[in-house]
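Just so it is clear: chains get the letters A, B, ... in the order the sequence lines come, proteins before strands, and each one is counted from 1.
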Protein chains: 2
Amino acid sequence: MARDLEIILLRSFVTAVRAGSISRAATTLGQTQPALSQQLRKLEGVVGRPLLHRSAAGVTPTRAGEELIPYAERILSLSVEALTETSRVLTGHCGVGLLEDLAASRLSQTLADLARLHPGATLEVLCVSRADMREAYDEGRVQLVLDEVPDLPGPPRWTIRRPLVWAVGAGVDVTADPLPVVLFSNECAWRTAVIETLDRPWRVAFESNSLVGVLAALRAGLGVAALMPENLDPSMACHDPDALPKLPDVELGLARHPRTEGEPLIDAVETALRRAFS
Amino acid sequence: MARDLEIILLRSFVTAVRAGSISRAATTLGQTQPALSQQLRKLEGVVGRPLLHRSAAGVTPTRAGEELIPYAERILSLSVEALTETSRVLTGHCGVGLLEDLAASRLSQTLADLARLHPGATLEVLCVSRADMREAYDEGRVQLVLDEVPDLPGPPRWTIRRPLVWAVGAGVDVTADPLPVVLFSNECAWRTAVIETLDRPWRVAFESNSLVGVLAALRAGLGVAALMPENLDPSMACHDPDALPKLPDVELGLARHPRTEGEPLIDAVETALRRAFS
DNA sequence: CCCTGGCCATAACAAATCATTATGGCAGAC
DNA sequence: GTCTGCCATAATGATTTGTTATGGCCAGGG
């Protein structure tokens with residue numbers, strides 16, 4: 001049998017007592033009635049005594065339930081207090097350097113959520129060339145950089161591998177000879193990956209130095225391109241796994257400026273970035 | 001993202017900090033190191049900041065971690081306090097009337113566990129005839145009765161259906177004509193169920209008024225019998241589903257003497273009985 | 001200098017848990 | 001009587017969790 005109470009169950013219990021009914025508590029918690037019913041039964045199992053009188057009118061706490069209520073409320077309030085204390089609203093500034101492909105993905109959503117959570121803080125996202133990124137990092141305008149490992153301005157604190165996949169523009173024949181390819185025009189690690197991977201004749205159908213340009217070219221049916229899965233429009237997925245050679249993974253890493261060690265806001269952004277890939 | 005902390009995660013965190021190492025904390029918690037590692041990462045996700053510095057030597061709390069520790073310890077101690085208060089060691093006496101088949105099953109183990117948990121309480125299990133049971137119930141020597149619904153001395157507070165299965169004694173031929181059957185000699189609801197279910201010639205090979213007698217007869221290869229699955233030795237299972245007709249379910253129910261409403265010990269025993277069937 | 005051992009992180013899979021939909025029973029209102 | 005609102009249960013599917021099996025990293029000792 002469980003040795004600890006569970007805070008979620010305590011919240012369910014308190015809500016049910018306040019609501020006087022499991023069904024109503026369920027809706028205020030955004031759950032279904034059977035789910036809550038099961039949770040309360042589980043809690044009763046942990047405590048070892050019935051906590052609620054059930055009737056057709058609703059529920060009322062038993063003797064044991066009444067004894068539990070004050071503890072439950074205290075634990076719940078301590079829980080939110082602990083959270084607001086340790087992850088209290090942050091202030092300051094954090095510059096984040098991102099690979100453009102990452103900036104386009106749901107990562108920006110994550111960062112925007114974070115910024116909304118901390119109205120006193122400013123978040124800035126930068127997508128620039130490797131050299132500019134290094135400069136911004138050295139000058140302290142950017143504290144975190146998430147990019148391909150060789151391009152990082154400092155040692156990676158952690159890394160993560162992501163696959164590349166082929167995106168096939170509308171109406172493009174993947175067996176065409178030569179194969180029309182849409183490329184990033186920057187010196188980018190996977191531009192070379194694409195070129196080295198292709199084992200048959202190909203030609204550059206279009207080049208762009210920005211992801212939106214590449215995506216537009218794909219939508220226009222100009223050719224095929226290598227993307228991270230996050231940026232792949234499902235309609236452009238390549239369904240025949242053998243039509244094009246398998247692309248290598250890219251290794252992304254996060255560099256953090258050493259002077260920012262222990263800064264809560266930078267902590268929070270780093271944790272959010274990491275969590276976005278879990 | 002989760003809105004509450006989780007007590008289990010707080011315990012993991014505190015243990016890790018105290019142990020100075022995730023691995024050691026894992027062994028003291030009886031878990032594996034990766035499991036704990038994941039839990040701590042999840043907790044960091046909820047808080048939004050790193051809580052531990054990881055190194056090859058072990059872990060030490062970060063600034064945020066140090067802030068969290070006192071909250072975590074307070075919540076943990078409140079949690080155990082709430083449990084010991086609401087499910088504190090009980091005293092008193094509780095008589096439980098059981099169908100013999102139930103007394104033989106793991107249910108006795110459950111009740112023994114409960115008794116060990118509450119050294120100041122005495123538990124008594126009674127397996128007697130329906131009439132004696134009613135008498136004991138009326139006189140207050142038995143507060144809870146778990147039996148077939150029609151045999152209960154009071155209205156059932158809850159019920160549960162259990163299947164009956166055929167047990168085939170060692171070496172018994174289930175196609176024999178007439179089929180040798182081992183029966184309870186008491187007037188028992190499923191004695192009649194067996195008789196009514198059998199759709200071909202049969203004979204009473206052995207009768208006993210106790211479950212151990214029936215089991216002994218089965219082991220001796222005297223015939224087949226109907227049992228609850230809990231009491232079925234796997235070696236006696238009937239493997240051919242069509243060899244014998246399907247037996248009906250039995251409906252068990254729990255009656256509780258009305259005068260015991262709210263008594264903590266009786267509460268605890270009732271909850272334990274119910275939980276044993278969940 | 002290269003092992004070796006302790007530490008943590010990750011991956012992949014298996015097991016357990018959880019929430020949902022779909023029911024049914026029960027009691028009071030109409 | 002039939003409704004209506006309540007709770008409980010069953011069954012299924014999704015999610016979560018824990019496990020084993022690895023690999024990388026750093027420090028200490030040969």
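Salt-bridge check for A:Glu6 with A:Lys42: passed, with a basic side-chain N closer than 4.0 Å to an acidic carboxylate O. Remark: B:Asp4 engages A:Arg11 in a salt bridge, criterion side-chain N to carboxylate O under 4.0 Å. The pair B:Glu73-B:Arg18 counts as a salt bridge, with a side-chain nitrogen and a carboxylate oxygen less than 4.0 angstrom apart.
Looking at A:Glu67 and B:Thr86, their side chains never bring a donor and an acceptor atom within 3.5 Å of each other. Checked by atom type, the side-chain pair B:Ser12/B:Gln39 shows a donor-acceptor distance below 3.5 Å.
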Extract from the structure each pairing of a protein N or O with an N or O of nucleotides 12-17 of chain D at less than 3.5 Å, listing the distance.
unit_1 : atom_1 : unit_2  : atom_2 : d
D:dT17 : OP1    : B:Lys42 : NZ     : 2.7

Enumerate all atom pairs, one protein N or O and one N or O from nucleotides 25-30 of chain C, separated by less than 3.5 Å.
none

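Nucleic acid contact class of B:Thr32 (heavy atoms, under 4.0 Å, all strands): base.
Every residue was checked against the salt bridge (Lys or Arg N to Asp or Glu O under 4.0 Å) condition with A:Glu66, not counting sequence neighbours, and none meets it.
Rounding to the nearest 0.5 Å places CZ of A:Arg24 at 13.0 Å from CG of A:Leu29.
The side chain of A:Ser23 lies closest to D:dC7, out of D:dG18, D:dC7, D:dT9. Checking C:dT20, C:dT10, D:dG18 against the side-chain heavy atoms of B:Arg41 singles out C:dT10 as nearest. Looking at the side chain of A:Gln33, the nearest of the listed nucleotides D:dC6, C:dT20, D:dC7 is D:dC7.
Taking atom CD1 on A:Ile22 and atom P on D:dT9, their separation rounds to 11 Å, with Å as the unit.
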